[in-house]
Amino acid sequence: MTDTEPAAPVRETAEEIATMEVRGAATIASAAAEALAEQAEAAAASGETASDPAAFRASMRAAARTLRETRPTAVSLPNALRYVLQRMEGQTVDELRRSVVDASDAFVRQLDRAQDDLGQVGANRLADGDTVMTHCHSTDALACIEAAVEQGKSISAVVKETRPRQQGHITAEQLREAGVPVTLIVDSAARRYLDEVDHVVVGADSIAADGGVINKIGTSGLAVNARERGVPIMTAAQTIKLHPETLTGHTVEIEMRSESEVIDAESREQIGEIAVENPAFDVTPPRYMDAIVTEHGQFPPESIVALMRELFGEGAEEPWAEP
Ligand SMILES: O=P(O)(O)OC[C@H]1O[C@H](OP(=O)(O)O)[C@H](O)[C@@H]1O
């Protein structure tokens, strides 16, 4: 390990996030925070950085940059890195190491608590006997449904499979384990089933300052259909999903993934010369979203900017940048 090459656990976590073995905005954030703690332990034990606080700090910044470069859309990833690096302090390597490990632990605990708290808020929106429709797999959205079940409400679910990676299968399995009767449908059947649904519950990868919700591709179409059918739609998103850079006019980059997720090589070959595109996320305009459910309560999307300012100030530093 040199001061620019992160330790093995960081490289492994970065690879797992890039290949989506580790996925879902909250899970990515907690894996990134834990990887920084592992980097701190490794750097404090390595010849090059163990006795040089400046080299230790540089190795932490390099590790954060490696993690940052894995996936561009879920803002929980840079928010996690920011949380930990902003709390790195001390004169000696041992003090620096301890501050990083403590910040990483605190971040992960805060994440779990936030999800429990927003689950209660989201559950309050659901009534006994409701059927919910889900899209993709979101631990924040599942927390709302599971909390409703724990409140003693009987909830059933229509689960969209979510092409191309079919994260709906994970949702279906976890809801079934929570005792929720599940009907799995293909994405294109969603509008037909909305007539049988009381609420649509989705997660978010990022929330923009204007209340736009960036979530798995297909969310915006689902939201428009839900509005047309008169079905309320909420996004469950703890505040690490708030995108501070959008306060200063930046837009959220939409990740484009490999065409191999959409079409296999043989079919591709047979069809001949065509373009294939695979955007992983889309933006649901605030007017199509009824509520953003966070650990601080529920918000109309248009008012989320006030919470964003309160939590992040006017913008976002990048503590992983070289000074
Ligand atoms: O943080 P939680 O609620 O678990 O997940 C949030 C979102 O992350 C997922 O993205 P991907 O599957 O990583 O591309 C989905 O878009 C999901 O709604």
Side-chain angles (χ1 to χ4, degrees), residues 13-33 67 70-80 83 107-108 110-119 121-123 132-147 157 159-175 178 187 190 200-208 212-223 233-243 252-258 261-262 278-284 289 291-295:
T13 301
E15 177 69 13
E16 285 165 357
I17 295 172
T19 57
M20 290 182 69
E21 205 175 310
V22 169
R23 52 144 294 279
T27 309
I28 289 170
S30 103
L67 292 161
T70 52
R71 293 190 72 193
T73 305
V75 75
S76 52
L77 172 57
N79 282 347
Y83 182 99
F107 179 80
V108 174
Q110 187 176 304
L111 212 61
D112 292 343
R113 208 170 37 236
Q115 195 163 75
D116 288 347
D117 291 350
L118 80 79
V121 179
V132 298
M133 182 178 282
T134 64
H135 183 59
C136 200
H137 170 255
S138 154
T139 54
D140 282 351
L142 279 176
C144 300
I145 302 167
E146 286 166 2
V159 171
K160 294 177 74 221
E161 64 174 353
T162 317
R163 280 273 292 156
R165 294 184 68 98
Q166 297 180 321
Q167 292 99 322
H169 292 186
I170 309 169
T171 301
E173 186 179 350
Q174 292 183 354
L175 285 176
D187 296 306
V200 177
V201 187
V202 297
D205 295 80
S206 283
I207 308 252
V213 172
I214 296 90
N215 192 46
K216 185 58 51 195
I217 190 80
T219 304
S220 63
L222 176 61
I233 174 166
M234 63 164 135
T235 185
Q238 46 186 300
T239 52
I240 54 154
K241 316 284 178 67
L242 301 181
H243 202 303
V252 178
E253 181 182 344
I254 300 292
E255 177 181 4
M256 300 299 287
R257 294 195 60 86
S258 163
E261 292 182 346
V262 176
N278 183 19
F281 303 101
D282 64 20
V283 185
T284 301
M289 188 60 70
I292 299 176
V293 170
T294 78
E295 71 272 25

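Counting starts at 1 for both ligands and their atoms, following the listed order.
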Check: Glu295 and Gln110 side chains under 4.5 Å, non-hydrogen atoms = no
So, does Ser206 use its side chain to make a donor-acceptor pair with the main chain of Ile214 at under 3.5 Å?
-> no
Is the side chain of Thr294 donor-acceptor paired with the backbone N or O of Gln238 at a distance under 3.5 Å, no angle test?
-> no
Any ion pair linking Glu261 and Arg165 (charged N to carboxylate O, less than 4.0 Å)?
-> yes
Before giving the answer on side chain to side chain donor-acceptor pair (under 3.5 Å), spell out for Thr73 and Asp205 the whole-Å C-alpha distance, their side-chain angles and the decisive distance to 0.1 Å.
-> CA-CA 7 Å; Thr73 305; Asp205 295 80; over 6 Å; no
Residues in contact with ligand 1, criterion: heavy atom under 4.0 Å = Met20, Arg23, Gly24, Ala25, Ala26, Arg71, Cys136, His137, Ser138, Thr139, Asp140, Gln167, Gly203, Ala204, Asp205, Asn215, Lys216, Lys241, Phe281
State whether the side chain of Arg23 and the backbone N or O of His137 hold a donor-acceptor pair below 3.5 Å, judged by distance alone.
-> yes
